[in-house]
2 protein chains.
Amino acid sequence: MTIDPLKDFPGYALRRASVATMQRLAGGLQVLDLRASEASILLVIEANPGITQSEIGRLLDIAGANMAPLMRRLHDRDLVERNAVDGRSQALHLSPAGRALSAKARRIFRAHEDELLKKIPPADRAPFLKNLQALYSDPTD
Amino acid sequence: MTIDPLKDFPGYALRRASVATMQRLAGGLQVLDLRASEASILLVIEANPGITQSEIGRLLDIAGANMAPLMRRLHDRDLVERNAVDGRSQALHLSPAGRALSAKARRIFRAHEDELLKKIPPADRAPFLKNLQALYSDPTD
DNA sequence: TATTGTTATACTCTATAACTATA
DNA sequence: TATAGTTATAGAGTATAACAATA
């Protein structure tokens, strides 16, 4: 039998779980022609009308250089409207089409999270989430 | 204040935690000029002398097409020896240099996992690992 | 000086298709 | 027919450097 020397490493399990989970989410979002990052941005704009691109980047930990092509794609599809607030920042809002698509994306997110939670015993769910959050929000990570 | 509509999604927390953790591991392995995938392969070969490339791929969930360049790099650096067992499979073993590097990589893995575990309350650690494993080994994921 | 937004570029991981050779 | 290994290629996320315009 093959020995897996990584099996009991939580970091390894974390990565495997993340990849498997993201693949499932990407598959669900495919019918909307949205990537997970794009769908996330739509939800963030909907929850924060008038937010700027750089604020989204800080919230989702996406570098400015990588936000630009993502936002351009959403703008080119007329999902997001940009209104200049000063010479360099733009207030972002969802267009009607963006709101419709965001609602569909949110349903896919919800179904996806429900699927995921089915595999975690109810008593473990709250600490599981809290521990994951600690792993990425702790600055000493 | 900015609202984060994704904050309580475990799938989102899983991804953020995985990315943050992998970046830290990659930084640690940099001094060995190893990527996380390459270091993992070294540990697997060490634990399973004579294993084949396709068996490693199945264990780590790396597609054959992606194993080829990884193995070539390890072989080019004289870390891994390949001995034909039949016309298409090769038994893999670590070279002395490969064993030395693998030992160093394992110490970096260990230190990295210890850092990670520091952020998880001791009582949560076993279920945390088990739940992560369930997320990627469950075929219905 | 610092920030916003952009372009260009490169690396890594993942994925598919197509192929050779062997079992 | 199925498997092992390879090549080529493409999509996606992440990273740095450099830049223009603005605060």
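The figures here come from the full heavy-atom set of this structure, side chains too, leaving out hydrogens, waters and symmetry mates.
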May I ask you to check whether over 12 heavy atoms, not counting those of B:Arg125, lie within 6.0 Å of atom CZ?
yes
The correct set of residues in residues 84-94 of chain B placing a heavy atom under 4.0 Å from DNA chain D is B:Arg88, B:Ser89, B:Gln90
All pairs passing salt bridge (charged side-chain N to carboxylate O under 4.0 Å, His left out) where residues 34-45 of chain A contributes a residue, at least two apart:
A:Arg35-A:Glu38, A:Glu38-A:Arg73
Within residues 46-58 of chain A, residues whose heavy atoms come under 4.0 Å of DNA chain D:
none
Separation of C:dT6 C1' from A:His75 NE2 (nearest whole Å):
15 Å
From the 5' end of DNA chain D to its 3' end, which nucleotides mark the outer limits of contact with chain A, defined by a 4.0 Å heavy-atom distance cut-off (strictly under)?
D:dA12 to D:dA23
Using distance only, find each side-chain donor-acceptor pair of residues 44-59 of chain A under 3.5 Å and give its atom names and separation, not counting sequence neighbours.
{"from": "A:Glu46", "atom 1": "OE1", "to": "A:Ser102", "atom 2": "OG", "distance (Å)": "2.9"}
{"from": "A:Glu46", "atom 1": "OE1", "to": "A:Arg106", "atom 2": "NH1", "distance (Å)": "2.5"}
{"from": "A:Asn48", "atom 1": "OD1", "to": "B:Ile3", "atom 2": "N", "distance (Å)": "2.6"}
{"from": "A:Asn48", "atom 1": "ND2", "to": "A:Val44", "atom 2": "O", "distance (Å)": "3.0"}
{"from": "A:Asn48", "atom 1": "ND2", "to": "B:Ile3", "atom 2": "O", "distance (Å)": "2.7"}
{"from": "A:Thr52", "atom 1": "OG1", "to": "A:Ser54", "atom 2": "OG", "distance (Å)": "3.3"}
{"from": "A:Thr52", "atom 1": "OG1", "to": "A:Glu55", "atom 2": "N", "distance (Å)": "3.3"}
{"from": "A:Thr52", "atom 1": "OG1", "to": "A:Glu55", "atom 2": "OE1", "distance (Å)": "3.3"}
{"from": "A:Glu55", "atom 1": "OE1", "to": "A:Thr52", "atom 2": "N", "distance (Å)": "3.0"}

Going 5' to 3' along nucleotides 7-15 of chain C, which nucleotides have protein heavy atoms under 4.0 Å from the base (write B), which only from the sugar-phosphate (write S), and which from neither (write -)?
BB---SSBB
Side chains of residues 62-71 of chain B: which donor-acceptor pairs under 3.5 Å do they make with residues two or more places apart or in other chains?
none

Hey, does the side chain of A:His112 reach the backbone of A:Thr21 with a donor-acceptor pair shorter than 3.5 angstrom?
yes
Expected list for residues 78-92 of chain B: side-chain donor-acceptor pairs under 3.5 angstrom, two or more places apart:
{"from": "B:Asp86", "atom 1": "OD1", "to": "B:Arg88", "atom 2": "N", "distance (Å)": "2.8"}
{"from": "B:Asp86", "atom 1": "OD1", "to": "B:Ser89", "atom 2": "N", "distance (Å)": "2.8"}

Please name all residues satisfying side chain to side chain contact (heavy atoms under 4.5 Å, CB included) with B:Pro10, sequence neighbours left out, ordered by chain then number.
A:Glu113, A:Leu116, A:Leu117, A:Leu129
Residues that A:Lys7 engages under side chain to side chain contact (heavy atoms under 4.5 Å, CB included), provided they are two or more places apart
A:Asp4, B:Gln133
Can you name the side chain to side chain contact (heavy atoms under 4.5 Å, CB included) partners of A:Ser18, sequence neighbours left out?
A:Met22, B:Leu14, B:Arg15, B:Ser18
Would you confirm whether B:Arg16, through its side chain, and A:Tyr136, through its main-chain N or O, come within 3.5 Å as a donor-acceptor pair?
no
Donor-acceptor contact present, side-chain B:Asp124 to main-chain B:Ile120, <3.5 Å
no
Report the residues that fulfil side chain to side chain contact (heavy atoms under 4.5 Å, CB included) with A:Lys104, sequence neighbours left out, ordered by chain and then residue number.
A:Leu32, A:Arg107
